[in-house]
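Some notes on the structure that comes next.
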Amino acid sequence: MSRKKYLIVMAAGSGTRMGATMPKQFIELEGEAILQMTIEVFLRACPDIHVITVLPESHMGYWRDYCLKRNFICPQILVKGGITRFHSVRNALSKVPDGALVAVHDGVRPLVSEAFIKEMFAKAESVPALIPVIPCVDTMKVLGTRKTADGEELYTMEGQTADRSVLFGAQTPQIFHSEVIKEAYAQAYDTAFTDDASVVLKNGKNLSYHIGERFNIKITTQDDLVLAKAILSLSLSPSCSS
Ligand code: C5P
């Protein structure tokens with residue numbers, strides 16, 4: 001029998017890199033909050049999915065009102081975010097039973113396609129941890145910074161140019177058997193935990209990989225917002241054409 005599906009949608013960040021007063025997950029793209037678009041693509045892919053939305057405590061009321069006003073009636077468990085993404089995920093996992101498949105997805109990645117979500121869930125039934133990755137196309141430099149006498153910050157070479165043929169960018173949704181990710185998140189926090197895969201790996205579990213989607217961008221800066229609008233308006237994203 002297949003496992004029940006859960007989505008933990010991460011939206012408790014403050015979005016300071018966007019430079020806007022409103023956290024980026026609530027900014028509207030084509031008249032709809034980025035967070036709503038993100039949840040909707042999962043609901044289209046898996047109508048029976050259980051949605052857990054992780055929000056800043058300060059914006060829980062705002063999100064409830066927004067959903068009511070927009071008649072966005074998807075049943076959601078709302079969970080308060082933590083000090084880091086790790087702590088936010090850990091809070092949400094307390095709502096997930098064992099024996100489920102749990103997708104952890106950034107609330108600011110609304111352009112993931114329905115077909116990709118279905119593919120990932122199908123593959124995740126047979127592996128404990130499945131991570132979407134994108135091959136690195138740029139030449140990567142390892143740099144540090146130093147301050148000059150007059151306070152200017154300069155970049156300096158810290159190591160060899162990395163071999164890009166072995167470098168991949170990790171995306172979300174990352175999908176786990178719930179007992180595997182819950183056990184991993186019982187560990188103490190480490191600053192090296194920048195995604196869920198790193199937490200599960202540190203707990204000694206194997207990861208499996210699936211090539212991700214180029215347009216599944218994490219909307220982080222104003223430039224990303226421009227890019228996301230362009231992708232949507234040109235209907236280039238697979239999620240737009242389905
Ligand atoms: O900061 P970063 O870009 O890694 O954030 C990725 C996702 O994690 C965002 O969707 C953000 O809202 C979420 N996040 C969170 N709780 C935090 C920090 C980030 O849910 N404390």
Side-chain angles (χ1 to χ4, degrees), residues 6-29 32-43 49-64 66-67 74 76-96 102-112 116-117 120 131-134 168-176 181-182 184-185 187-202 212-213 215-228 239:
Y6 280 74
L7 165 66
I8 296 180
V9 59
M10 303 306 303
S14 57
T16 46
R17 283 169 290 183
M18 184 62 79
T21 45
M22 183 63 92
K24 57 203 172 188
Q25 55 274 27
F26 303 119
I27 293 173
E28 290 190 340
L29 268 181
E32 199 170 275
I34 290 174
L35 180 56
Q36 181 178 351
M37 288 180 73
T38 304
I39 296 173
E40 279 177 342
V41 65
F42 276 86
L43 289 171
I49 201 164
H50 301 265
V51 179
I52 301 171
T53 309
V54 191
L55 294 165
E57 189 170 18
S58 56
H59 283 76
M60 291 182 113
Y62 171 86
W63 182 243
R64 268 193 210 100
Y66 183 93
C67 292
C74 136
Q76 299 167 64
I77 300 175
L78 301 189
V79 170
K80 194 173 72 169
I83 185 87
T84 69
R85 188 183 185 284
F86 173 91
H87 297 92
S88 293
V89 175
R90 184 189 267 171
N91 289 353
L93 284 171
S94 66
K95 308 288 180 196
V96 178
V102 52
V104 186
H105 188 65
D106 295 328
V108 287
R109 289 187 191 264
L111 301 181
V112 63
F116 185 74
I117 294 168
M120 285 284 292
I131 318 300
V133 288
I134 281 284
F168 291 78
Q171 297 183 329
T172 71
Q174 299 185 354
I175 307 189
F176 305 90
I181 188 170
K182 284 168 75 171
Y185 268 88
Q187 292 174 94
Y189 173 64
D190 183 323
T191 51
F193 293 153
T194 50
D195 71 347
D196 311 293
S198 48
V199 183
V200 168
L201 190 66
K202 173 106 188 276
E213 292 184 313
F215 289 149
N216 180 15
I217 59 170
K218 180 163 76 169
I219 300 176
T220 308
T221 63
Q222 287 289 344
D223 288 352
D224 295 329
L225 210 51
V226 173
L227 199 57
S239 63

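Numbering of ligands and ligand atoms starts at 1, following listing order.
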Next item on the list: Indicate yes or no: does an N/O atom of Lys24 lie under 3.5 Å from an N/O atom of ligand 1?
Entry: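 N/O-N/O distance under 3.5 Å: no.
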
Notebook entry, point to check: Do ligand 1 and Val54 have nitrogen or oxygen atoms that lie under 3.5 Å from each other?
Noted result: no

Any idea which atoms of ligand 1 are less than 4.0 Å away from a heavy-atom of [X]?
| X | value |
| --- | --- |
| Gly13 | 11 (C), 12 (O), 13 (C), 14 (N), 15 (C), 16 (N), 18 (C), 19 (C), 20 (O) |
| Gly107 | 10 (O) |
| Thr84 | 17 (C), 21 (N) |
| Ile83 | 21 (N) |
| Ala11 | 12 (O), 20 (O) |
| Lys218 | 2 (P), 3 (O), 4 (O) |

Note to self: Would Leu29 and Ile219 count as a side chain to side chain contact (heavy atoms under 4.5 Å, CB included) here? Give the steps.
What the structure shows: CA-CA 11 Å; Leu29 268 181; Ile219 300 176; 4.0 Å; yes

Margin query: With a cutoff of 4.0 Å, is Thr220 in contact with ligand 1, counting heavy atoms of the residue only?
Written below: no

Check: What part of Thr194, side chain from CB on, backbone N/CA/C/O, both or neither, has a heavy atom under 4.0 Å from ligand 1?
Finding: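 Within the 4.0 Å criterion, Thr194 makes no contact with ligand 1.
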
Note to self: Test of understanding: given a 4.0 Å heavy-atom threshold, classify the contact between Val89 and ligand 1 as side chain, backbone, both, or neither.
What the structure shows: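 For Val89, there is no contact with ligand 1 at all, from either part.
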
Note to self: If we count only N and O atoms by modelled type, under 3.5 Å, do the side chains of Ser198 and Asp195 hold a donor and an acceptor together?
What the structure shows: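 A pair is found: one side chain offers a donor N or O, the other an acceptor, under 3.5 Å apart.
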
Checklist line | Main-chain N/O of Glu213 paired to Gln171 side chain as donor or acceptor, under 3.5 Å | finding: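 It does hold such a pair.
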
Check: Donor-acceptor pair, Arg85 side chain versus Gly13 backbone, under 3.5 Å?
Finding: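 No, because the side chain of Arg85 does not come within donor-acceptor range (under 3.5 Å) of the backbone of Gly13.
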
Next item on the list: Measure the acute angle between the ring planes of Phe26 and His59, then classify it against the limits of 30° and 60° as parallel, tilted or perpendicular.
Entry: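 Parallel.
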
Note to self: Classify the ring geometry of Phe193 against Tyr189: parallel below 30°, tilted from 30° to 60°, perpendicular beyond 60°.
What the structure shows: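 Phe193 and Tyr189: perpendicular rings.
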
Check: Got His105 and Asn216 here, is their nearest side-chain heavy-atom distance under 4.5 Å?
Finding: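 With C-beta onward as the side chain, the pair touches.
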
Next item on the list: I would like to know whether Asp224 and Thr221 meet side-chain hydrogen bond (donor to acceptor under 3.5 Å, both in side chains); could you show each step before the answer?
Entry: CA-CA 5 Å; Asp224 295 329; Thr221 63; 3.3 Å; yes

Notebook entry, point to check: If you measure from atom 17 (C) of ligand 1 to every heavy atom of Arg85, Arg109, His87, which option wins on shortest distance?
Noted result: Arg85

Margin query: Nearest non-hydrogen contact with atom 21 (N) of ligand 1 belongs to which option: Ala12, Ala92, Gly82, Gly81?
Written below: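 Among Ala12, Ala92, Gly82, Gly81, the closest heavy atom to atom 21 (N) of ligand 1 comes from Gly82.
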
Check: Can you list the steps and then say if Ile131 with Val200 is a side chain to side chain contact (heavy atoms under 4.5 Å, CB included)?
Finding: CA-CA 11 Å; Ile131 318 300; Val200 168; over 6 Å; no

